[in-house]
Asker: 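Below are the structure tokens for one structure; questions will follow.
Below, read A as the first sequence line, B as the second, and so on, with proteins coming before strands; counting in each chain starts at 1. Because only heavy atoms are used, hydrogens play no part in the values below, and waters and symmetry mates are left out as well, while side chains stay in.
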Amino acid sequence: MTLKGGTSQACAACKYQRRKCKVECELKPFFPPDNPEMFRNAHKLFGVSNIRKLLREVDPAQWVDAMRSITCQADIRDKFPVHGCCGVINQLQLQLRLAEEELYAVLAQIAFFRQQSNQQNEIESVHDSASQLQALSLFHQEATPSQHQHQPPVNALPMASHQAYPNCNNVVAYNNSGYLDKDNVVNSFWVQNSYNGDNNNNNNQMAMQSVSSSHLNIQQEPAQEYDEMHPFFDTIDDRQSYIDSKDAYDSSSDSSLKDTTQSVDHIADNELKSAAASFSLTSVN
Amino acid sequence: MASSSYSNSPCAACKFLRRKCLPGCIFSPYFPPEEPQKFANVHKIFGASNVSKLLNEILPHQREDAVNSLAYEAEARLKDPVYGCVGAISVLQRQVIRLQKELDATNANLMRFTGNEVTSLPVFPGEGDIANPVYGRRMDHNYGFSLPYASPWNNNPSGDGPEEGGDGSM
């Protein structure tokens, strides 16, 4: 009710109820007169007496938050008369689930691409090391034994196998958001614990438990690759110390290694033959 | 009070209100006598008359859903008198926004690979052409509805009055 000659207006609640809006009206700060719809919705869902009861149960310092949630809930019920806030919650949970699935799919794609590129890098580095090994072998054939102290770049080869591991770290970094849980345990946990104050901690703990298992699954694949490559690297490392020892070379059981050294010997034989040919020709002339 | 002429016991609402449960009682299909707490909560928060008016405004086949949602909201408000079920909405909304940002960043990371790959690419079921990475079910922050207010729990204290869309905040 508007006061005659006065500047203060009755709040929407008192206006609706057609009564005098006192100075100490507790609903005045929350229902301004220029927004009657807000009060109408709140009154339709809760009723003025119930709103006052709710405010009495709450600390005055939290009245602002309480009233905002009440008006928000009432407006949602006005927009969605059947499902109200429950419909909104279900919709948000569905959105979360869809986003999680999409994130899983994208992360799987990234992991696949990384694996591909790592394999390609490893293959290229192995080829490079094989060619370097040939070049070094030729070099050692011509050089004196004292020059054998040269460190080949083969040490870089084992490192190539470790490139698979950062993939897992990156995947885990993405998973550290605390959302991913294929069993939707986190989703239900949110709603169940929405009334507690420590939502995020619990969600992160549960999410990390599921993430750690998926992390282990992802980590096993690069480890297998490393095991497959490891014997080959060991052989190459041993090869460096075997250059001056034919006995050690003969004892090597790696066929690929033998092929490499056999090709080196073949080249050496060709050089000897050409040298012999030139000698013979020289001798004839 | 249960009438001797009726074989069914009064519904939880009429039992609580201590009145005669008539055949056309609007509460009886949704508040069975085996669940007295359900009506007690709803009545405490919303009031029987308000619930009755609400149920009369919606179609009969939708009333059960409406009652169940009211019961949920009432229970939430009793557990948390300050925020009620709106607190759960706020938490979920923040999580959705953060997850969406993370998804955007991950998609951008994927673009780096798809931009370099020109040979055969994996085809994941349901993901379509990898050359056009699936931003997929891009979430509209409105989620199909407009939340009326900015979140009362953000830094903006003057978030009163209706606002358009839930653009990351309530």
Asker: Got a sec, which residues hit side-chain contact (heavy atoms from CB on, under 4.5 Å) with B:Pro32, two or more places apart in sequence or on another chain?
Answerer: B:Glu34, B:Glu35
Asker: Side-chain contact, heavy-atom cut-off 4.5 Å: A:Gln95 with B:Leu99?
Answerer: no
Asker: Quick check for you: to the nearest 0.5 Å, what is the distance between B:Asn68 atom CG and A:His83 atom NE2?
Answerer: 9.0 Å
Asker: Non-hydrogen contacts under 4.5 angstrom with chain A: give the residues of residues 55-64 of chain B involved, or none if there are none.
Answerer: B:Glu57, B:Ile58, B:Gln62
Asker: Using non-hydrogen atoms and a limit below 4.5 Å, what part of residues 52-59 of chain A faces chain B?
Answerer: A:Leu54, A:Glu57, A:Val58
Asker: To the nearest 0.5 Å, what is the distance between CG on A:Asn50 and CZ on B:Arg77?
Answerer: 11.5 Å
Asker: Tell me the closest heavy-atom pair linking B:Asn50 and A:Phe46, and the distance in Å.
Answerer: ND2-O, 3.0 Å
Asker: At what distance, to the nearest 0.5 angstrom, does CD of B:Gln100 lie from CG of A:Leu96?
Answerer: 10.5 Å
Asker: Provide the closest heavy-atom pair for A:Arg77 versus B:Ala66 in the form atom of the first, atom of the second, distance.
Answerer: NH1-O, 4.2 Å
Asker: For A:Glu124, give me all partners under salt bridge (charged side-chain N to carboxylate O under 4.0 Å, His left out), at least two apart in sequence or on another chain.
Answerer: none
Asker: Heavy atoms only: give me the nearest B:Val96-A:Leu92 pair and the separation to one decimal.
Answerer: CG2-O, 3.9 Å
Asker: Going from CD1 on B:Ile89 to OG on A:Ser69, what distance comes out if it is rounded to the nearest 0.5 angstrom?
Answerer: 10.0 Å
Asker: For A:Cys85, is there any backbone N or O sitting under 3.5 Å from a side-chain donor or acceptor partner on B:Glu73?
Answerer: yes
Asker: Please round to the nearest 0.5 Å and tell me the distance separating atom CD of A:Glu100 and atom CD of B:Glu102.
Answerer: 10.0 Å
Asker: Could you please spell out the steps behind the side chain to side chain contact (heavy atoms under 4.5 Å, CB included) verdict for B:Val86 and A:Ile70?
Answerer: CA-CA 8 Å; B:Val86 180; A:Ile70 286 171; over 6 Å; no
Asker: Please report the interatomic distance CD1(A:Ile76) to OG(B:Ser69), rounded to the nearest 0.5 Å.
Answerer: 11.5 Å
Asker: Quick one: of A:Gly47, A:Pro81, A:Ala66, A:Ser49, who has the most non-hydrogen atom pairs under 4.5 Å with chain B?
Answerer: A:Ala66
